[in-house]
Every structure is written in C-alpha cells, then in structure tokens.
Amino acid sequence: MAKKFYITTPIYYVNASPHIGHSYTCITADTLARCRRRDLGKDNVHFLTGTDEHGQKIQKAAEEAKLTPLEFADIVVAQFKQLWGKLNISYDDFIRTTESRHTRTVEKALEILYKKGDIYQDKYTGWYCTPCETFWIEAQVENQLCPDCHRQVEKISEVNFFLKISAYQDWLIEHIKKNSCFILPEIRRNEVLSFLSLNKLSDLCISRPKERLSWGIPLPFSPGHVAYVWFDALVNYISAVGEFDAGGKYNSKWWDAETEVVHLIGKDILRQHAVYWPIILHALGIRLPDTVFAHGWWMVGDTKMSKSRGNAVSPLEVAEEFGIDAYRYFLLRDVPFGMDGNFSEEALIKRFNADLANDIGNLVYRALTMIEKYFQGAIPLPGRLNQRGEQIAKEIKQLSGETNAALSAAGDFNFSFALEKTWELINMANKYVEETKPWNLAKESKSDELKAFIRLLVDAIREAGSQISFFMPQTAESIQQQLGEAQIKKGQPLFPRIDK
Ligand code: MSP
C-alpha cells in the first residue's frame with residue numbers, strides 16, 4: 001500500500017443546484033478518505049472536491065439570472081459547501097476554477113504545451129453542440145443533432161488551437177494495457193480500450209474564440225481565445241495541490257511517487273478522464289493517476305437523474321427526512337460501485353427497516369438492554385466461548401481484512417460488498433442471541449456463560465461500529481458513546497422503524 005492517498009471527485013458545474021447524483025461521488029470519495037485516514041494517518045490523506053465555473057453553460061445561467069458569472073457561481077458554491085457540510089463530507093480542500101492558483105496553473109500548462117509544439121493553430125470547420133460544449137465532425141452528426149444529447153448542433157468555422165492527442169494514442173493504449181487498475185471497473189476499461197483500438201483520435205480543440213465565449217481563461221499565447229472548459233477543468237486535480245517551477249517541472253506533495261492518486265468520476269465523463277487527461281499529463285511530463293474509477297448513474301425509473309431532465313432529487317430533503325447516515329448507507333449499499341442504481345423512497349425505506357432498524361439497530365439496542373438488566377450497565381470481561389462464540393470471534397478478527405480488500409482499487413472499491421461483510425457479522429450476532437437464549441442463562445444463574453456471551457456481543461458491535469465508521473460516521477460515534485469504555489450509556493434506538 002502506498003504511503004499517501006490523494007482522492008478527488010469531479011468538480012461540479014455551478015449552473016444548477018446539487019442533486020443525488022453529485023452527492024454520490026462525494027459520499028463514496030468521503031468513505032474512502034475516511035478509511036485511508038485510519039490506515040495511513042490523517043496527514044497522509046488528501047481529499048479534493050470543488051466547482052467547475054467557466055464555460056458557456058455558466059455564462060448562460062448567469063445571464064438568465066441577471067448576475068455576473070462569478071456572482072452566480074458564488075451562490076451555487078455556497079449551496080454545494082452547505083450540502084457537503086450537512087452530509088459530513090470530510091474534504092480537505094475545495095477548489096474553484098476561478099481561483100488564481102488554478103488559472104495560473106492552467107496558463108502555465110498551456111504555455112508549456114505550446115512551447116513544446118504539442119499545441120498548434122488550425123482553421124476548423126465542424127458542428128458544435130452548445131449544451132455539451134463539444135465539436136463533432138461531419139461523420140458523427142446526423143440530421144444536425146448532437147450524437148450525445150440529441151439536441152440541435154450548429155455549423156461553425158473558426159481558427160482554434162489544438163492539442164496533438166493523436167500523437168499519444170499508441171502510448172495510451174500501452175499504458176492502459178499494462179496497468180490493470182488504471183481504468184476501473186473492467187467494463188469501462190474495456191470500453192476505452194475498444195474505443196481506442198477502433199478509432200483514430202482526432203486532435204483536441206482546446207480553445208474557444210472570445211467572441212463566442214468570454215467566460216474562460218485567456219490563452220497566454222493568443223489573448224483572443226479562452227481555454228476550452230474541459231482542459232481548464234481537468235487541470236484542477238494538479239492546480240489544487242502543486243505548482244510548476246520556472247523550468248516547467250510540476251511539484252506536489254500529493255502527486256509524487258509515494259502517493260496513490262485516485263479520481264472518482266461518473267461514467268458520463270470517462271472519455272475526458274481516461275483519454276484526454278492522461279495525455280495532457282504525459283505531454284506535460286507528469287505522472288498519471290493510479291486509478292480513474294467511473295461509477296454508474298442514479299436513475300429515476302429508467303432515466304438518468306439530472307436537472308435538465310427535471311427529475312433531480314435534493315439530497316438535503318432526503319437526508320432531512322430519513323437521516324444523513326441512512327441516506328449515505330442507502331447509496332453505498334444498494335448498488336455495487338460501478339453499476340447504475342435506482343433511486344426511490346420506497347427502496348430507501350425498505351433498506352432502512354431491514355438493514356438499519358432490524359439488523360444493526362436491534363442488535364445494539366438488545367445488547368445495551370441486557371447489559372443494563374443483567375450487569376447494571378457494566379460491560380463484562382471476556383470469558384470462555386462455546387463453538388458458535390469462537391466462530392463469531394474469528395469473524396470479528398477477519399472482518400477488517402475483508403473490508404479493506406474490498407475498499408482497494410483491486411477490490412473495485414466495492415462499498416456494498418464491504419457493507420455486506422459487516423452485515424454478515426451483525427446478523428451472526430443477532431442469530432447468536434436467539435440461539436443462546438440469554439434469558440435462560442440468567443434464570444439458571446449461569447453467570448460465567450452469560451458474561452462471556454454478552455462480552456462477545458459487545459466486541460462484535462464494536463468491530464461492526466468501527467467498520468461502518470467510514471460509511472456512517474455519526475452512527476459509529478453514537479454506538480461508541482452508548483457502549484462507553486466499561487460502563488454503557490444507553491440512548492435512543494439508532495434507527496426507529498419507519499411505518500409509511
Ligand atoms: N464539470 C464537469 C466535471 C469536470 S471534472 C474535471 C461535470 N460536472 S457535472 O456537475 O455535470 O457532473 C459531475 C459529476 O456528477 C458526474 O461525473 C458524476 O460524478 C456526478 N453525477 C451527475 N449526475 C449523476 C447521476 N445521475 N448519477 C450519478 N452521478 C452523476 O461533468
């Protein structure tokens with residue numbers, strides 16, 4: 001395992017308020033950051049999120065709101081930060097692409113690539129999709145519709161600057177082939193590999209003329225152009241944590257050989273992160289991230305959740321109604337990381353009642369009640385275990401190894417599997433209560449057996465609590481407080497059943 005860990009989320013567009021889909025990448029990144037902080041120490045983990053503030057979308061949204069783009073961005077940034085605070089997203093840094101540390105680095109990167117000859121000027125004719133901010137060539141466009149979003153495209157012809165990504169295609173294919181964890185999950189890796197082997201990359205247009213778009217970072221070598229928003233945005237991952245020196249060498253504590261660098265993204269922005277970004281880095285002489293993991297979409301019915309489709313659900317409303325940890329739990333548990341999920345209140349309530357109220361909530365509550373009843377609230381010392389007890393003790397010892405493996409790149413950062421493993425222990429413990437019938441032990445005054453049994457339950461709960469602390473930080477804290485060191489402090493049930 002690397003000594004340090006640097007994890008990022010995409011930087012979110014500020015043209016609309018955050019919805020469940022945005023919160024998903026932040027919640028998964030937060031869970032990994034918390035897990036690594038425990039293993040590597042707090043100072044060896046860096047978790048970055050932020051906002052993508054340039055480009056046509058933002059310019060347009062600001063115009064409609066009769067504000068400047070920056071005034072408009074300030075309002076939405078405040079919403080994002082408030083939401084992340086509410087959801088206990090423990091980011092270490094929040095980057096905005098309008099900050100000078102960022103614009104400075106973008107300018108420097110452009111300058112280096114231009115001097116190297118990786119950026120050249122050319123006249124371009126093609127189709128342009130404004131909402132996607134993407135150029136398409138003749139062959140990609142049918143009936144003047146964008147092949148991606150199916151909205152109307154317009155024909156344009158203008159002078160622009162291009163990044164020679166075509167020159168790096170073979171190198172990239174080799175890199176992906178040699179590094180099995182570079183693009184995850186495997187389905188996305190195969191998708192990129194097959195795209196690269198079937199298509200010849202055309203060079204990437206990295207500029208927009210100022211007459212068409214003024215809200216962007218001017219190119220240092222052509223002030224009449226601004227940087228394409230995707231070039232600008234991708235650079236955030238390095239601009240937030242380091243600098244180029246005078247000789248053009250990039251230095252960063254979080255982007256060195258000792259750090260595992262992981263980008264979590266949604267599958268909608270795979271091409272930019274798995275093709276353009278590695279090529280930009282390589283051309284700049286900077287090492288690549290270790291892993292780009294593209295997760296699936298949250299859908300409502302069979303449509304992707306998004307503002308433009310009008311089906312966006314507010315994370316704040318859900319978290320307020322069901323609790324922050326229940327919300328986090330649902331997203332992390334309901335689908336294996338990488339697959340699409342379906343969001344509905346019914347599905348959330350079902351999981352809430354089964355996994356949270358019934359399984360873990362019930363286990364903690366009955367253990368606390370028995371400690372109160374049989375031992376005046378004092379947690380007994382460990383004792384001799386029966387065969388079933390030994391089995392549980394073994395499971396307690398093994399659990400962290402299993403969940404750690406699941407939460408690694410090689411394990412596909414499989415949050416739901418890690419939770420499943422923890423729930424196996426919880427359910428074993430619940431079953432152990434039923435089988436042991438502690439009320440009989442008490443009646444028969446088998447006090448040693450009763451003590452050993454209760455203590456094992458406490459150990460199981462402590463271990464489960466420690467494992468869920470990355471996923472549900474508040475719940476883990478509450479369990480720890482209620483259990484205490486030696487004397488319990490029983491509080492309210494963790495997850496009272498929802499009847500709806
Ligand atoms: N600004 C770009 C990213 C630049 S990163 C250098 C962008 N922003 S976005 O706000 O449109 O979306 C960002 C991310 O939000 C997606 O990649 C994905 O991680 C998440 N999601 C947005 N909608 C989603 C769903 N419906 N489901 C799951 N995640 C989705 O793209």
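When a ligand or atom number is given, it counts from 1 through the structure's own listing order.
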Shortest protein heavy-atom distance from atom 27 (N) of ligand 1, along with the residue and atom involved: Trp298 N, 2.8 Å
Counting only heavy atoms closer than 4.0 Å, does ligand 1 sit against the backbone of Asn236, its side chain, both, or neither? side chain
Which atoms of ligand 1 have any heavy atom of Asp268 under 4.0 Å away? 16 (C), 17 (O)
Is the shortest distance from a Lys or Arg side-chain nitrogen in Lys304 or Asp340 to a carboxylate oxygen in the other one below 4.0 Å? no
Flag Gly266 as yes when one of its N or O atoms lies below 3.5 Å from any N or O atom of ligand 1, and as no otherwise. yes
Pick one of side chain, backbone, both or neither for how Thr9 approaches ligand 1, counting any non-hydrogen atom pair under 4.0 Å. neither
Kindly state whether the ring of Phe413 and the ring of Phe293 have centres lying under 6.0 angstrom apart. yes
For ligand 1, which atoms, with element, lie under 4.0 Å from some heavy atom of Asp52? 1 (N), 2 (C), 4 (C)
Proximal ligand 1 atoms for Gly296, defined as those under 4.0 Å from one of its heavy atoms: 28 (C)
Any idea which part of His273 is under 4.0 Å from ligand 1, heavy-atom wise: side chain, backbone, both or neither? side chain
Can you pull out the closest protein heavy atom to atom 26 (N) of ligand 1? Residue, atom name and distance to 0.1 Å, please. Met305 O, 2.9 Å
Tyr24 and ring-ring contact (aromatic ring centres under 6.0 Å, His included): which partner among Trp298, Phe343, Phe415? Trp298
Quick check on His295 - does any of its heavy atoms sit under 4.0 Å from an atom of ligand 1? yes
Parallel, tilted or perpendicular: which fits the ring planes of Trp230 and His273, with parallel below 30° and perpendicular above 60°? perpendicular
For residues Tyr327 and Phe322, establish whether the separation of their ring centroids is below 6.0 Å. no
If the cut-off is 4.0 Å to any non-hydrogen atom of Lys304, which atoms of ligand 1 fall inside it? 23 (N), 24 (C), 25 (C), 26 (N)
Short list, please: which atoms of ligand 1 are under 4.0 Å from a heavy atom of Ile269? 3 (C), 17 (O), 31 (O)
Taking 4.0 angstrom as the limit and counting only heavy atoms of Ala233, give me the atoms of ligand 1 inside it, by number and element. 6 (C)
For atom 3 (C) of ligand 1, the closest protein heavy atom turns out to be Ile11 O, 3.2 Å
Residues 104-132 vs ring pair (Phe, Tyr, Trp, His ring centres under 6.0 Å), sequence neighbours excluded, gives Tyr114-Phe221, Tyr120-Phe162, Tyr124-Phe135, Tyr124-Phe162, Tyr128-Phe135
Would a 4.5 Å heavy-atom cut-off, applied to side chains only, mark Leu196 and Ile176 as touching? yes
Write out the residue and atom name of the closest protein heavy atom to atom 25 (C) of ligand 1, then the distance separating them to 0.1 Å. Gly21 CA, 3.6 Å
Tyr91/Phe94 aromatic ring centres below 6.0 Å: yes
Number the atoms of ligand 1 from 1 as they appear, then name those within less than 4.0 Å of a heavy atom of His19, with their elements. 22 (C), 23 (N), 24 (C)
Under 4.0 Å from a heavy atom of Thr25: give me the atoms of ligand 1 that qualify, with their elements. 18 (C), 19 (O), 20 (C)
Can you tell me if Trp230 has a non-hydrogen atom under 4.0 Å from ligand 1? yes
What is the closest protein heavy atom to atom 12 (O) of ligand 1, and at what distance does it sit? His22 CD2, 4.1 Å
Proximity of Phe352 and Phe495 rings by center, below 6.0 Å: yes
More than 12 non-hydrogen atoms from neighbouring residues, nucleotides or ligands closer than 6.0 Å to CZ on Arg271, yes or no? no
heavy-atom search around atom 13 (C) of ligand 1 in the protein gives Tyr12 CD2, 3.6 Å
Measure the shortest side-chain to side-chain distance between Ser23 and Leu87 over non-hydrogen atoms and say whether it is less than 4.5 angstrom. yes
Side chains of Pro289 and His263, heavy atoms from C-beta outward: is any pair under 4.5 Å? yes
For Tyr13 and ligand 1, does the shortest N/O to N/O distance drop below 3.5 Å? yes
Quick one: are Ile119 and Leu110 in side-chain contact, heavy atoms under 4.5 Å? yes
Would you check whether Trp297 has a nitrogen or oxygen atom less than 3.5 angstrom from a nitrogen or oxygen atom of ligand 1? no
